[in-house]
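The block underneath contains the structure these notes are about, expressed in structure tokens.
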Amino acid sequence: MAGSINTENGVVVCPECGGKDFQHDASRGESTCSSCGLVVSAQHIDTGAEWRAFTREEKDARARTGAPMSLLIPDKGLSTTIGLSMKDAAGRALNGSTRAAMYRMRKWQIRSIAHSSEIRNLSIALRELDRLASNLGISRDAKDTASFIYRKALSKRLVRGRSIEGMISGALYIACRMHRVPRQLDELADESILSRRELGKCVRQLIRYLDLKVPIPSATNLIPRVASELNLNGKTVVRAGSIISQAKERGITAGKDPGGIAGAAIYIAGILEDDRRTQREIAEIVNVTEVTIRNRYKELARKLAISPM
DNA sequence: AAGACGAAAGTGGTTGA
DNA sequence: TCAACAACTTTCGTCTT
């Protein structure tokens with residue numbers, strides 16, 4: 001069940017019910033209507049040029065930038081490199097002494113890049129970041145943030161004596177939480193050499209020493225993802241969302257694994273909306289056991305006075 | 001036969017002395 | 001640093017659909 005977004009005077013409107021409130025899942029580029037649960041796909045940002053050109057000359061004349069500046073390239077893609085061709089700007093061959101000077105300059109430039117330990121470290125880290133993010137399907141936004149966090153860690157000498165891989169994975173995990181991308185610590189740990197435990201340590205250090213404010217992972221963010229993997233219908237999704245917000249108001253969620261809460265809410269919502277999924281199916285996706293889903297759902301049903309039977 | 005249930009024992013992390 | 005503790009897991013026997 002998916003639709004495309006309609007726009008009314010620049011305001012995004014649900015094509016199904018006209019609702020204007022959406023929950024966004026940046027990692028999948030999907031939004032879910034909060035009132036009817038319709039999943040809409042949308043390109044949130046148009047990254048193309050804002051002008052049009054009809055001929056090659058027009059295009060060349062209007063293009064005013066080079067490659068986009070990116071935090072994902074060690075020198076942000078902004079540095080000038082000395083080219084290999086031994087010609088001057090007008091295309092004439094260089095004379096002997098200029099030529100020798102160019103050789104020397106190029107040599108030093110390469111050395112200063114390759115031999116600066118910080119840049120070398122960063123190159124390794126960013127390559128690893130690329131690998132992790134593409135394996136986990138994480139958006140560029142989150143990747144940029146991770147790279148920013150890692151740079152900060154590097155400049156504060158936090159990376160010294162710790163593994164590059166741990167720190168970059170940790171940075172990515174934090175970035176995911178900041179962007180409310182529902183990726184769990186386990187998923188990152190599975191993807192890297194590190195254990196969940198070690199990764200957790202890196203994450204805590206990053207947060208502490210860089211004084212980052214990181215939103216607490218919330219059960220709400222997991223809903224769209226579970227919903228799409230289980231093909232839940234829209235009503236179930238909305239129902240699950242409202243169960244979670246009720247639970248939050250009553251303070252039942254504190255200290256509990258968000259996966260367990262989300263799973264339980266979906267299980268209950270499934271029964272209420274006649275859109276049942278087994279505890280096992282749900283448990284697998286939110287990375288908890290059936291027992292935990294059971295315990296959470298019993299608790300939710302009791303404290304919120306919902307009788308799913 | 002699959003799914004749900006609940007008891008019991010074990011694990012890893014947090015907290016407070 | 002250690003013990004107590006809550007949340008969660010694993011395992012397993014039993015009940016329900």
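Residue numbering restarts at 1 for every chain, and letters A, B, ... go by the order of the sequence lines.
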#### Entry: Pair assignment for DNA chain C - dot-bracket with | for other-strand partners, Watson-Crick or G-U under 3.5 Å
|||||.|||||||||||
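Residues satisfying the side-chain hydrogen bond (donor to acceptor under 3.5 Å, both in side chains) criterion with A:Ser163, sequence neighbours excluded, are absent altogether. Residues forming a side-chain hydrogen bond (donor to acceptor under 3.5 Å, both in side chains) with A:Glu281 (at least two apart in sequence, or on another chain): A:Thr278. With sequence neighbours left out, A:Asn287 forms a side-chain hydrogen bond (donor to acceptor under 3.5 Å, both in side chains) with A:Gln184. Residues satisfying the side chain to side chain contact (heavy atoms under 4.5 Å, CB included) criterion with A:Leu158, sequence neighbours excluded, are A:Ala153, A:Arg162, A:Met167, A:Leu206, A:Tyr209, A:Leu210. Partners of A:Glu191 by side-chain hydrogen bond (donor to acceptor under 3.5 Å, both in side chains), not counting sequence neighbours, listed by chain and number: A:Asn135. Applying the side chain to side chain contact (heavy atoms under 4.5 Å, CB included) test to A:Ala125 and every residue at least two apart in sequence or in another chain returns A:Asn121, A:Tyr150, A:Ile164, A:Ile168.
Annotation for A:Ile193: atom CD1 does not count as buried by contact number, only 12 or fewer foreign heavy atoms lying within 6.0 Å.
A straight line from CG of A:Asp257 to P of B:dT14 spans 13 Å, rounded to a whole angstrom. One atom, CZ of A:Arg276, and another, P of C:dT17, lie 10 Å apart when rounded to the nearest Å. Distance, A:Glu284 CD to C:dT10 P: 12 Å, rounded to whole Å. The CZ-P distance, from A:Arg280 to B:dC5, rounds to 13 Å in whole Å. Going from atom OH of A:Tyr267 over to atom C1' of B:dG3 covers 8 Å, rounded to whole Å. The interatomic distance linking A:Asn287 (CG) with C:dT10 (C1') rounds to 16 Å, in whole Å. The distance between atom CG of A:Asn295 and atom P of C:dA7, rounded to the nearest whole Å, is 11 Å. Going from atom CD1 of A:Ile293 over to atom P of B:dG6 covers 15 Å, rounded to whole Å.
Every pair passing salt bridge (charged side-chain N to carboxylate O under 4.0 Å, His left out) that includes a residue from residues 254-266 of chain A is listed here, sequence neighbours excluded: A:Lys256-A:Glu299.
When distances are taken from the side chain of A:Thr278 to each of C:dC8, C:dT10, B:dA4, the shortest belongs to B:dA4. Picking from C:dC8, C:dT10, B:dG3 the nucleotide with the shortest atom distance to the side chain of A:Arg296 gives C:dC8. When distances are taken from the side chain of A:Lys256 to each of B:dC5, B:dA4, C:dC8, the shortest belongs to C:dC8.
Here A:Tyr297 reaches the OP1 or OP2 of B:dC5: one of its side-chain N or O atoms lies under 4.0 Å away. Considering only side-chain N and O atoms, A:Gln279 lies nowhere under 4.0 angstrom from the phosphate OP1 or OP2 of B:dA2.
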Could I get a table of every N or O pair under 3.5 Å where one atom is in the protein and the other is in nucleotides 7-13 of chain B?
unit_1: B:dG13; atom_1: OP2; unit_2: A:Arg197; atom_2: NH1; d: 2.6

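Ion pairing between a basic and an acidic side chain is recognised when a charged N comes within 4.0 Å of a carboxylate O; A:Arg280 and A:Glu284 show no such pairing.
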